[in-house]
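Here is the naming used below: chain letters follow the sequence lines, and residue numbers restart at 1 for every chain.
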2 protein chains.
Amino acid sequence: MRADARRNRERILDAAEEVFAHHGTSASTEEVARLAGVAIGTVFRHFPTKDDLLAAILKRLLARLAEDAATLGGADGLHVFFRRLVAQSAAKRTVVDLAGVSVPAAVGGLDEAVGELLRQAQAAGTVRGDVRRPEVMALLVCVCQGALQGGWDVELQERTLAVIFAGLAA
Amino acid sequence: MRADARRNRERILDAAEEVFAHHGTSASTEEVARLAGVAIGTVFRHFPTKDDLLAAILKRLLARLAEDAATLGGADGLHVFFRRLVAQSAAKRTVVDLAGVSVPAAVGGLDEAVGELLRQAQAAGTVRGDVRRPEVMALLVCVCQGALQGGWDVELQERTLAVIFAGLAA
DNA sequence: TTGGAAAATGAGTCGCGACTCATTATCGTA
DNA sequence: TACGATAATGAGTCGCGACTCATTTTCCAA
């Protein structure tokens, strides 16, 4: 792959993330090209369809989340991860809008990373033992969606998470 | 309003609910007209824009939910309502997709109905006293979103709701 | 340097879906 | 019934956005 091609690919991904974060996935590919500073054809050379582009940024986002999760741990690592995710979702439409794009959630090891956080929290006694990974993942998804849609303020976010944390601990 | 106009208006609303429930709000207005058995122009006579149509069915849905909530009560009325809402959401895209359409949540008294359920649950000791309505509403929205997107099976739904119920009770 | 392969360009095509409006049909009243 | 007002019809307009491709530009290896 030529140097300029690699550079443009990155620019396009960055631009796409920015544009879709603000305007949702319904934003046009042309807007992405404009922000990336390339012609529309270049975008389609790298990503033959819009869905390919969406899948690419989703993959990057999930990988980043998994990486982020991997740096956490201990008694309240899971709680911290919940809060970070909610904060991100409220600001960016992207992840949430991507329901339609089919990228297995397992990509990037997010499932595993969250599983590890759960295990550590349980070991520390912060979360009770009979809670399993699937419902934790489900709650993460729920909360992201809700935070984005509801336009939560900080207080509502805290109160809502408090209920969930209590439910995990009880 | 003429009799045929009133009849068609109802047909269109029913058709729209059906179509948007299955295919999301991106389904075309023409599809709605086809199912309603009227011409496309008739739809636009009753609802000048697609958003007007969406707002109308959202209003109906919220009113119905509030009505439903009003029939419940007692110690676990709130829990029952949670379950019903999740079950509906998983089957229908409509409510969830309507984030964009601006209809105050207060419409139809859903807020009040849920507030009443909360009060009764707290009186019965099923829910602890310091939980307030906003976070309950937020959790309801979250769970609807999540259930739709995640394609929850019955077990996952139960386990996820169990965490939330525990958090409300703890 | 330079030749040619790889990449970028951007005006143009295409299909789709929201919305219009001249015409036709239907209702309800006198 | 007759007739005017109200409503229904559906082919057509319009804009938008995904995607194409002939042409031009850029890279890099020999």
Side-chain angles (χ1 to χ4, degrees), chain A residues 1-60 93-94 96-103, chain B residues 1-60 93-94 96-103:
Chain A
M1 202 186 215
R2 252 167 55 177
D4 53 347
R6 205 171 13 253
R7 183 168 11 97
N8 278 336
R9 198 192 146 85
E10 286 310 305
R11 274 190 197 164
I12 290 165
L13 280 175
D14 290 342
E17 205 174 318
E18 168 82 8
V19 168
F20 294 140
H22 288 336
H23 311 309
T25 55
S26 64
S28 75
T29 313
E30 236 177 289
E31 187 60 34
V32 172
R34 200 172 308 131
L35 186 61
V38 302
I40 181 72
T42 305
V43 176
F44 282 99
R45 158 170 271 265
H46 286 279
F47 307 95
T49 70
K50 187 179 178 180
D51 270 3
D52 289 330
L53 176 57
L54 289 172
I57 65 173
L58 178 56
K59 202 172 151 189
R60 249 185 26 166
R93 304 194 52 87
T94 323
V96 179
D97 264 13
L98 291 171
V101 186
S102 60
V103 169
Chain B
M1 201 185 213
R2 251 166 59 177
D4 52 349
R6 202 169 17 251
R7 183 169 11 98
N8 279 335
R9 198 192 147 86
E10 285 310 305
R11 274 189 196 165
I12 290 166
L13 280 174
D14 290 341
E17 207 174 316
E18 168 83 7
V19 168
F20 294 140
H22 288 336
H23 311 308
T25 54
S26 65
S28 75
T29 313
E30 244 183 278
E31 187 61 35
V32 172
R34 202 172 307 132
L35 185 61
V38 302
I40 182 71
T42 304
V43 175
F44 282 98
R45 158 171 270 265
H46 287 278
F47 306 96
T49 71
K50 189 179 177 179
D51 269 4
D52 289 331
L53 176 56
L54 289 171
I57 67 173
L58 179 56
K59 201 172 151 189
R60 251 190 19 170
R93 305 194 53 86
T94 323
V96 178
D97 263 13
L98 291 171
V101 186
S102 62
V103 168

Nearest whole Å is fine: how far is dT6(D) P from R9(B) CZ?
18 Å
How many whole angstroms separate atom CZ of R11(A) from atom P of dA7(C)?
16 Å
From CZ of R45(B) across to C1' of dC21(C) the rounded distance in Å is 12 Å
Out of curiosity, E17(A) CD to H22(A) NE2, how far, rounded to the nearest 0.5 Å?
10.5 Å
Taken to the nearest 0.5 Å, the spacing of I57(A) CD1 from I12(A) CD1 works out to 12.0 Å
Check: protein-nucleotides 14-18 of chain C nitrogen or oxygen pairs below 3.5 Å:
from: dA18(C); atom 1: OP1; to: K50(B); atom 2: NZ; distance (Å): 2.8
from: dA18(C); atom 1: OP2; to: T29(B); atom 2: N; distance (Å): 2.9
from: dA18(C); atom 1: OP2; to: T29(B); atom 2: OG1; distance (Å): 3.1

Between atom CE in M1(A) and atom P in dA7(C), what is the gap in whole Å?
7 Å
Would one find a side-chain N or O of N8(B) under 4.0 angstrom from OP1 or OP2 of dA7(D)?
no
To the nearest Å, how far apart are R6(A) CZ and dA6(C) C1'?
13 Å
With respect to D4(B), which candidate in R2(B), R6(B), R7(B) satisfies the salt bridge (charged side-chain N to carboxylate O under 4.0 Å, His left out) definition?
R2(B)
Does a side-chain N-to-carboxylate-O contact under 4.0 Å join D14(B) and R60(B)?
yes
Between CG of N8(A) and CG of L13(A), what distance do you get to the nearest 0.5 Å?
11.0 Å
Side chains of residues 34-49 of chain A: which donor-acceptor pairs under 3.5 Å do they make with residues two or more places apart or in other chains?
from: R34(A); atom 1: NH1; to: E31(A); atom 2: OE1; distance (Å): 2.6
from: T49(A); atom 1: OG1; to: D51(A); atom 2: N; distance (Å): 3.4
from: T49(A); atom 1: OG1; to: D52(A); atom 2: N; distance (Å): 3.1
from: T49(A); atom 1: OG1; to: D52(A); atom 2: OD2; distance (Å): 3.2

Using a distance-only criterion (donor-acceptor N/O pair, under 3.5 Å, no hydrogens), is the base of dA6(C) paired with the side chain of R2(A)?
yes
Closest-nucleotide ordering on DNA chain C, the 5'-leading residue of G41(B) and H46(A)
H46(A)
